[in-house]
Amino acid sequence: MSRENQGPDEGGAEAPEQLALIRESVRKAKVPRAKPRTWRGAAVAGALPVARVLVDKGVLHLDRYFDYAVPEELDAVAQPGVRVRVRFGAGARNVRDGRREGGGLIDGFIVERCAESDYQGPLAALAQVVSPEPVLDERLLGLARAVADRYAGSLADVLQLAVPPRHARAEARESGEAPAPPDAPEPGSWRRYGHGAEFLGALASGGAPRAVWTALPGPEWAEEIARAVQATLASGRGALVVVPTGRPAARVDAALTELLGEGRHALLTADAGQEKRYGEWLAVRRGAVRAVVGTRAAMFAPVRDLGLVVIWDDGDSSHSDDHAPFPHVREVLELRASRDKCGFLLGSWSCTVEAAQLVESGWAAPLVAERDQVRAAAPLVRTVGDGDLARDEAARAARLPTLAWRAVREGLKHGPVLVQVPRRGYVPRLACERCREPARCRHCAGPLEARESTGALCCGWCGRDEAAWHCGACGGFRLRAQVVGARRTAEELGRAFPAVPVRTSGREQVLDTVPGAPALVVSTPGAEPVAEGGYAAALLLDGWAMLGRPDLRAGEDALRRWIGAASLVRPQGVGGTVVIVAEPTLRPVQALVRWDPVGHAVRELSERAELSFPPVSRMAAVSGTAEALSGFLAGAELPPDAVVLGPVPVAETTPGPSRRPGAAPPGEHWERVLIRVPPGSGAALAASLKTAQAARMARGARGVKGARGAGSSGGARGSKGAREAGAAADAVWIRVDPLDIG
DNA sequence: AGCACGCCGACT
DNA sequence: GTCGGCGTGCTC
């Protein structure tokens with residue numbers, strides 16, 4: 001049943017403007033098309049009087065547009081892409097005595113101007129055009145929609161990531177003119193790679209090459225990226241570079257300034273203020289700046305005539321957005337490269353399984369150096385395994401094997417020495433030092449943990465203290481336990497090498513660079529300072545801890561972090577040495593010794609294929625109460641080749657600073673299924689999940705609380721009885737490409 | 001989410 | 001008759 005408020009003057013041939021106010025609702029035969037009009041009888045735009053608006057209201061509407069009438073006075077500014085404010089809500093149609101009540105003002109974007117609407121009813125008018133700046137052009141909208149589809153998320157959620165909040169002062173400033181394109185660069189150190197010069201040449205001549213680039217260790221990568229950008233600019237196109245954090249962003253920024261001069265590129269990072277951020281973004285959108293380097297939010301930067309997208313170090317978890325629908329920079333840039341037919345460059349010292357897959361599928365070409373180039377650039381890597389440690393009683397007590405000791409002492413004669421220590425709290429699980437049997441609670445067999453505060457042993461499941469643990473398998477009573485933090489390692493090393501300054505770099509305080517003079521630099525992974533002239537040596541401690549995590553990516557991640565540290569060390573030709581304390585038979589350790597991250601990734605990839613694991617198969621996780629989950633699955637029309645794994649109980653909300661999205665709210669029991677589809681069915685899976693979710697929302701199921709950020713929780717649980725409790729219980733969380741599997 | 005509509009029981 | 005609680009459905 002439709003409830004049209006058709007006025008008496010309805011359906012005639014009168015001009016769209018100057019329509020009388022609608023009074024009481026009069027039911028009439030359906031009129032095929034609604035005429036735009038405004039409530040107070042104000043005039044509407046003559047041509048294209050309907051504005052199709054994307055209302056920015058989260059998960060509610062999924063991907064629907066709403067039509068509004070364009071008042072005459074807004075005709076000129078109400079162009080596609082501009083931000084608007086509109087009345088939205090049930091109250092908006094409460095028409096009595098010509099007064100509209102309720103229906104608050106909310107933000108939206110005009111997506112399109114049309115001659116008529118297919119909505120059968122009177123249109124409300126745009127309340128306000130916030131600014132004439134067309135921030136959401138067709139390209140960006142298309143990309144946002146593709147990302148929403150890929151991740152089974154809502155368009156509005158993606159737009160929140162893609163369009164920064166407006167800042168009026170920034171908008172008022174002129175952005176200036178785009179400078180003339182620079183000359184094409186010399187290949188420089190790109191010559192070290194088989195097809196490096198060729199790749200640059202293709203970019204400079206307007207081509208769209210796609211490459212997975214395994215960067216040689218050392219500091220040249222930033223300049224190499226800058227040269228690729230310059231080559232793209234030389235072709236008259238724009239370029240976009242996304243790096244994981246502010247530090248590498250600063251390096252690429254410096255390299256671009258060096259190569260292109262000031263003012264030819266924008267730096268888009270999270271720590272800039274809103275005004276600066278929006279100003280830079282606008283300069284990019286307006287075409288005044290053609291090159292962008294930034295962290296993950298920059299992946300949506302509206303670069304004009306995009307010719308190249310670059311992602312550096314795609315294995316870094318910072319590339320995964322932490323807002324719904326959790327898009328990953330690599331995936332978004334892949335979409336951009338495909339949609340805009342532009343070049344694509346994925347660079348890393350290491351290699352993810354996903355990168356290997358891009359090469360294997362033929363989507364991108366490998367961009368690698370010859371073996372002798374690798375040997376010339378990489379340090380010498382030596383291992384200290386369990387066997388060596390066992391034979392090395394004295395060193396064991398000091399946690400520093402003889403070989404490592406010697407490498408440090410030797411290195412310190414020639415320059416700074418890096419010591420990489422896993423972060424505290426990076427502990428996998430406690431195990432018997434002698435036989436490696438995991439340490440379990442004698443009551444419930446849960447994993448034993450060391451209490452944060454006291455270090456005392458307790459059970460991670462039942463919480464009981466364990467005062468006198470001994471190994472059930474071999475009777476040993478020593479645990480291989482906590483990773484010693486960077487600070488304590490620094491103290492120990494300071495005592496061992498009293499004449500040498502010791503510096504630490506970690507989460508709280510990250511050092512950017514250290515001088516080339518002899519010093520011990522103790523750092524957690526990812527926080528390693530760059531040393532002037534490179535480190536003379538590096539020591540990678542507690543490798544077992546890095547590998548011990550119950551995660552599909554543990555091996556790949558460990559190798560990435562080791563290579564990240566080892567890449568800061570001088571080449572072996574000038575004495576650069578790395579000592580890693582880890583079992584030399586383990587695959588990632590061997591890959592480090594051989595400096596073969598690609599081989600490692602390729603092997604992982606084939607194993608994942610055999611096991612039907614991502615990224616070969618695509619997975620999605622759906623979580624909620626048992627009831628909501630079964631209801632969702634019953635209603636979903638999954639692709640025929642989908643396999644549903646589970647449900648299994650969701651791990652209790654982890655006690656920690658950030659509650660993981662998809663974890664059960666406190667006091668609720670949630671379950672999770674993983675849904676897996678074979679290669680080629682990923683899009684169908686996402687579509688079916690989105691459809692099922694939309695259908696559920698349309699019926700009573702209330703939106704997922706906190707879908708827009710992990711924070712918000714329960715609401716008015718239990719207060720108003722079944723309705724609200726039922727609504728919360730109905731909600732399910734959907735995450736395509738969940739991170740924590742394995 | 002909000003909000004209005006409408007159905008049904010209770011009461012001046 | 002009419003008031004108001006709450007279940008249902010819509011938002012241009």
Side-chain angles (χ1 to χ4, degrees), chain A residues 1-7 10 16 19 22 24-25 27 30-40 42 44-45 48-71 74 78 80 84-97 99-129 154-157 694-709 711-728 730-731:
Chain A
M1 177 201 94
S2 69
R3 178 189 25 238
E4 300 107 43
N5 293 319
Q6 307 292 18
E10 187 55 42
L19 288 170
I22 314 305
E24 289 301 298
S25 52
R27 286 180 191 190
K30 281 185 187 171
V31 187
R33 301 260 130 142
K35 300 272 180 186
R37 82 199 79 180
T38 67
W39 291 109
R40 295 183 195 282
V44 302
L48 304 178
V50 175
R52 195 146 285 168
V53 173
L54 177 86
V55 171
D56 186 16
K57 213 158 181 277
V59 75
L60 216 186
H61 48 76
L62 292 149
D63 287 344
R64 284 175 51 211
Y65 298 135
F66 292 87
D67 290 347
Y68 285 82
V70 180
L74 295 182
V84 291
R85 311 257 295 156
V86 294
R87 297 214 165 268
F88 188 86
R93 86 189 124 75
N94 173 22
V95 198
R96 291 265 157 82
D97 312 324
R99 301 226 133 215
R100 300 174 59 246
E101 290 139 36
L105 280 175
I106 62 171
D107 296 314
F109 300 94
I110 295 183
V111 161
E112 157 178 38
R113 288 279 298 265
C114 323
E116 40 185 29
S117 166
D118 45 15
Y119 177 66
Q120 322 217 328
L123 301 183
L126 296 176
Q128 186 193 348
V129 171
S154 84
L155 185 56
D157 277 351
R696 249 176 118 63
M697 291 289 129
R699 279 182 276 120
R702 293 284 118 141
V704 181
K705 315 243 171 180
R708 257 198 207 243
S712 61
S713 66
R717 180 178 15 265
S719 63
K720 274 265 177 82
R723 170 83 187 275
E724 294 190 35
D730 254 6

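Each chain gets a letter, A, B and so on, in the order its sequence line appears, and its residues count up from 1. Please read all numbers here as calculations on a predicted model, not as lab measurements.
- Remark: C1' of dC10(C) and OH of Tyr119(A) are 8 Å apart, rounded to the nearest angstrom.
- Spacing between atom CZ of Arg52(A) and atom P of dC12(C) amounts to 15 Å, rounded to whole angstrom units.
- Residues passing the side-chain contact (heavy atoms from CB on, under 4.5 Å) test with Leu48(A) are Arg113(A), Ala115(A), sequence neighbours excluded.
- Remark: P of dT11(C) and CG of Leu54(A) are 16 Å apart, rounded to the nearest angstrom.
- Taking atom CD1 of Ile106(A) as the reference point, atom P of dC10(C) lies 18 Å away to the nearest angstrom.
- Contact annotation: the side chain of Ile110(A) never approaches that of Leu54(A) to less than 4.5 Å [non-hydrogen atoms, C-beta and beyond].
- As rounded to whole Å, 12 Å separates atom C1' of dC3(B) from atom CZ of Phe88(A).
- Tyr68(A) places a side-chain N or O within 3.5 Å of a backbone atom of Arg87(A) that can act as its donor or acceptor partner.
- Atom OH in Tyr68(A) sits about 10 Å away from atom P in dT11(C), given to the nearest Å.
- Every residue two or more places apart in sequence or in another chain that forms a side chain to side chain donor-acceptor pair (under 3.5 Å) with Asp107(A) is listed here: Arg85(A).
- The interatomic distance linking Arg64(A) (CZ) with dC10(C) (C1') rounds to 9 Å, in whole Å.
- Whole-Å rounding puts the Tyr65(A) OH to dC10(C) P distance at 22 Å.
- A stacked arrangement is not assigned to Phe66(A) and the six-membered base ring of dC12(C), the conditions of a centre distance below 5.5 Å and an interplanar angle below 30° not being jointly met.
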